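Accompanying notes for the structure given below.
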Amino acid sequence: MNRRHFLRGLFGVSLALPFIESFSPRKAEAGPGDVPPFAIFMRQANGVVQQTNDEPEMFWPSQTGALTTESMNAEGDRAVSELSAYASRLILVKGINFAFPGNGCGHSGGGNQCLTAQKVSQDPSGNESLAMGESIDNRIARELNPAGVEPLTLYAGKKAGYINEVLSYREAKVIRAAEHNPINAYKALFGLSNLDPEVLKKLAAQRKSVNDLVREQMQSLMTRSDLGKADRDRLDLHFQSIRDLEVGLQCALTAEEVAAMEAMSPDARANDNLEKVARMQMDIIALAMACGTTRAATIQIGDGNDSTQYTINGVKQKSFHKISHRIDSDGSEGPPIEGAHLLHHEIDRIHARMFKYLLDKLASYDLGSGSLLDFGVAVWLNDLGNKYHSYTDVPYVLCGGANGYLKTGQYVDVNGVHNGRLLGTIGAALGCKNGAGGPLDDFGDPELPKGMLTEIIA
Amino acid sequence: MRRIPTLLRAGALVLACLLPSCVGTIGGAPDEQQAVESIPERSAFPRLTHTQWENSVRDVLRLEQRPGLSTSFTGDPLGGVFDNNEAVLAVTPNLWADYQRAAEELAAMIVADPAKVALLVPADEGQGDEARARAFIEAVGKRAYRRPLTAAEIDEHVALFNLAPTVIDGDAFLAGVAHVLSAFFQSPHFVYRVEGTREPREDGLIPLGSYELASRLSYLLWNTMPDDVLFDAAAAGELDTKEGLRAHAERMLADPKAREVILSFHSQLFDWRKFEDLYKDPAVFPEFVPEMGQDLVREAELFVEDVVFAQEGGLHELLTSRTAFVNERLAAVYEVDAPSGAEFGKVELDPEKRSGILTRAGFLAANGTARASDPIHRGVFVNLRILCARLPPPPNNVPPLPPAEGKTTRELVAAHTGKGTCGASCHGTLINPAGFAFENYDAIGRYRTEDNGFPVDAADAYPLGGGMASFDDAITWSQMLAESREANECFARNWLEFAYGRDAEVEDAVLIEKLGEASRTGMSVKELLLELVGSEAFSTRRPVEVAP
């Protein structure tokens, strides 16, 4: 079944529609119906409830080895048991560490490293610190996307200002702002889905004539002989961003889904809409992967030290950050929150269920030769390990084998390997190369020991 | 009471001990660096902030209000304290798509409304469509690009105008108007404040062109494009002298549009946004209702407006004025009579209990926990934002301490971080004293003399002016800050960063020192702005080290 057919079946709309060239499906390398492998990263903040000092184990299964739905259901008290339906496609990876210390703020230092495996900046420092290199989603997009097509960078939750963005880095100290509003993200990717082909042709011509003028203006600015490096880089990024619209196939969500995003738009940052927004963003990510829009996406759940007040058993709780510290304060002292570790565990489960929604969505796309989930890999990660906000045993939960490259259905403890290895292996699974043309085995800071995470390779 | 494993606590303390000692500079000018008598290199293409985009669109199109489209734009990453730092304002693919959509929507909105078209396009008085199109392109293009268009640019836009009927349905003339408007708002000449002048003077600095100066002035004082008067002044060369520039700056500061900028600076510096999202334990503070977040913001705005515009004051007044604006809810916190009639009434607060912005409920509540005062965060804030102290970062992964029974908050914090402990290098000398000064105020900013049943001790000493300066409480501490070189230089430095939209660099040290001293001896905020406008860093560019 080729993709054109599959899309028609899925959306029930006529697909003799145009599409945006810049986000066009890449020519599938493995034949019609297949999508090139992709990676999606969902980031949770504040660590999870796992065994550390006085903390009980409430996250991982009790034993490493093969995973089955039965074995995971038998340990229903563990957060990952929420994912038991996907046991055969999961890879639970314990024992991943961040290699570098933070710089004054554990949250930003963890956020800086979780997708980059890079050092944390000396200046700026504290909660404003930044990663000293690109993130894996950027690497994947840079190497595997058509020129100028960015990784998809989405967000769910409020931005409280202390630390907003943590996840996607273009290069050292250059962080990419994430889109928090699903309707904006959707419009940017698929916004013209409902237009009549004739109208769209005219719009394409209209845009092209403006683009021609703007490109010329940009070029004239860029040929100035007195451009500093920062200005040149900025203008170049802008120049690369200008895209023409061409006619072809199009991808779309249903009118109801789009209407729901429109309705949500004014309150997309509201605390209580976080889970709803996350699911909408995941709908967009899944569609983008089905359509071959981009090969990498991130979704950040909550701000740097996720201050979201999650609702548990019908009760809106104190901020996740405070719960994660077990005290009613964002600082270092304050009255204890009763049963905080249980609340934290429930928040881990909320994240597990959000991740499961993404998996369900990916699995629902039937490509004939398998579901969309089998072609890519979805990763649920954290930027801290546990309630002590440590950089050891930072949980990474993978699902999907990236078209058979990764060995799924297992729980492994890799005993203190730096996260660059895991991220590089994911990149390699998608086709990213190291400098010598081999599979990507040197992702992250150049000081880090090279190598792949062989435990998870099929 | 929860237990923290002894081993872990020891670990945290060891970490703290490894910290560099707190010898960072306090105040604006880094002493150890040789100040250079020049100006820093900066971008020739500072991008409009989203607010500036809104305001500029409103003014280009002569709308009554901002169109509001930027609320759906991709946000910008924060670049330090202020939202206008040119280093982080880039046009990414997502933002470019936002600009494109917004430009098309704006164009469609204008041509759908004959009244709006009439404001932009001269009436047809028999001169023909081509001449009308040219006149429209010249007039609106000048506002969009903030300078007159060149003849070649006019021709290019006329060509776009003439092409429009083939790509936009409906009335051919309106299609042309829409197409050109859409192009204006996607142009780099609109999106950036393009500074193209390149001829250096004898001293090597490049004086900005008249229209470039008009834009710098206008975006600094109004956060939007120049008005017609300023355009005329640029055309007449009035901005090319310091006196002319100052005269226009004075005119603009007297305009209500300047208030938005003044408030924006203080809102970001003092983090008012935080006021709106405060949680206080209702069991301890039943009077702290959610509406109080907005009250605190409004109070802060009215206070700053009063200091800057009514009192013509500066940092000294910000830190010492007892004039406050309260409604019924805030009157209770300040223990004053609620104003009658007006929603927010002007009152004078008790001079024994209040002095300026750091003793107001907003700052105190935003830097308090749900139940208690929070001397560490209050102290860190004063160090970073009022004194520009460069604190080394705190250690990672410090486990929280359980509350200690039978002690004051100060005793608890001091026992953990104060003198004689490993945290003493920073907390003991800089953070704790600056925060302990506010121990007379509880978690919502109410005045108190007892904490946890014990008398409050708010006295301490802080290294200012080369020695240790002692204070009794927040009143004397605020007074000392107001009179200090360090706080005034920090204030000048923050204003410089905000006004110029970039980080302060070593070349700015001389100016910061000069402005700090003037502020210390009574210079007002308005005068400080005029001085920033009058400096070389404002009216010239430094030749750029060309990228390889």
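Naming convention: chains lettered A, B, ... in sequence-line order (proteins, then strands); numbering from 1 in each chain. The shown structure was predicted, so the numbers you read here are calculated from the model rather than taken from an experiment.
- Looking at B:Leu89, only its backbone comes within 4.5 Å of chain A, counting heavy atoms on both sides.
- The distance from the OG1 atom of B:Thr92 to the CD atom of A:Glu150 is 6.5 Å, given to the nearest 0.5 Å.
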Using the side chain to side chain contact (heavy atoms under 4.5 Å, CB included) rule, take B:Gln100 and A:Ile242 through it: C-alpha gap first, then chi angles, then the decisive distance, then the call. CA-CA 9 Å; B:Gln100 184 181 47; A:Ile242 301 171; over 6 Å; no

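- The heavy-atom pair separating A:Ala177 from B:Pro77 by the smallest distance is CB-CD, 4.0 Å.
- Only the side chain of B:Val194 comes within less than 4.5 Å of a heavy atom of chain A; its backbone N, CA, C and O stay farther away.
- Rounding to the nearest 0.5 angstrom, the gap separating the CG atom in B:Asn94 from the OG1 atom in A:Thr153 is 7.0 Å.
- Considering CG of A:Leu235 and CZ of B:Arg47, their distance stands at 13.0 Å, rounded to 0.5 Å.
- A salt bridge between A:Arg234 and B:Glu86 is absent, with no side-chain N of the basic residue lying under 4.0 Å from a carboxylate O of the acidic one.
- With a threshold of 4.5 angstrom between heavy atoms, A:Ser225 approaches chain B through its backbone and through its side chain.
- Neither the backbone nor the side chain of A:Gln240 comes within contact range of chain B; no heavy atoms are under 4.5 Å apart.
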After noting the C-alpha distance and the side-chain angles of A:His238 and B:Tyr192, does the key distance pass the ring-ring contact (aromatic ring centres under 6.0 Å, His included) rule? CA-CA 11 Å; A:His238 184 165; B:Tyr192 301 104; 5.4 Å; yes

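- Minimum heavy-atom separation, A:Gln217 to B:Tyr145: NE2-OH, 3.0 Å.
- Looking at A:Lys318, only its side chain comes within 4.5 Å of chain B, counting heavy atoms on both sides.
- When each of A:Ile175, A:Asn271, A:Leu221 is scored by its heavy-atom pairs under 4.5 Å with chain B, the top score falls to A:Leu221.
- Ranking A:His180, A:Lys159, A:Arg170, A:Lys208 against chain B, the residue ahead of the rest is A:Arg170, based on heavy-atom pairs under 4.5 Å.
- Shown here for B:Ala90 and A:Leu237, the closest heavy-atom pair between the two residues is CB-CD2, 4.1 Å.
- Counting heavy-atom pairs closer than 4.5 Å to chain B, the top-ranked of the candidates A:Glu165, A:Arg224, A:Met218 is A:Arg224.
- The line from CZ of A:Arg207 to CD of B:Gln186 is 7.5 Å long, rounded to the nearest 0.5 Å.
- Ranking B:Ala44, B:Pro543, B:Ala87, B:Ala97 against chain A, the residue ahead of the rest is B:Ala44, based on heavy-atom pairs under 4.5 Å.
- With respect to chain A, the highest number of heavy-atom pairs below 4.5 Å among B:Ala164, B:Ser182, B:Gly196 belongs to B:Gly196.
- For A:Asn211, the part lying under 4.5 angstrom from a heavy atom of chain B is the side chain only.
- Interface check for chain A: of the options B:Glu41, B:Arg42, B:Glu195, the most heavy-atom pairs under 4.5 Å are formed by B:Glu195.
- Taking CD of A:Gln206 as the start and CG of B:Leu160 as the end, the distance is 9.5 Å to the nearest 0.5 Å.
- No part of B:Ala372 comes within reach of chain A, as not one of its non-hydrogen atoms sits under 4.5 angstrom from that chain.
- Residue A:Lys158 touches chain B through its side chain alone, counting heavy-atom pairs closer than 4.5 Å.
- Residue A:Ile163: no heavy atom, backbone or side chain, is found under 4.5 Å from chain B.
- Taken from CZ in B:Arg101 to CG in A:Asn184, the straight-line distance is 6.0 Å, to the nearest 0.5 Å.
- Of the two parts of A:Leu213, only the side chain, counted from C-beta on, holds a non-hydrogen atom closer than 4.5 Å to a non-hydrogen atom of chain B.
- Proximity to chain B (any heavy atom under 4.5 Å) is shown, for A:Asn181, by neither the backbone nor the side chain.
- With chain B as the partner, the residue from A:Leu203, A:Val214, A:Asp233 showing the most heavy-atom pairs under 4.5 Å is A:Val214.
- For A:Glu179, the part sitting under 4.5 Å from any heavy atom of chain B is the side chain, from C-beta outward, and nothing else.
- Of the two parts of A:Arg176, neither the backbone nor the side chain holds a non-hydrogen atom closer than 4.5 Å to a non-hydrogen atom of chain B.
- Considering only heavy-atom pairs separated by less than 4.5 Å from chain B, the leading option among A:Ser209, A:Pro266, A:Ala205 is A:Ser209.
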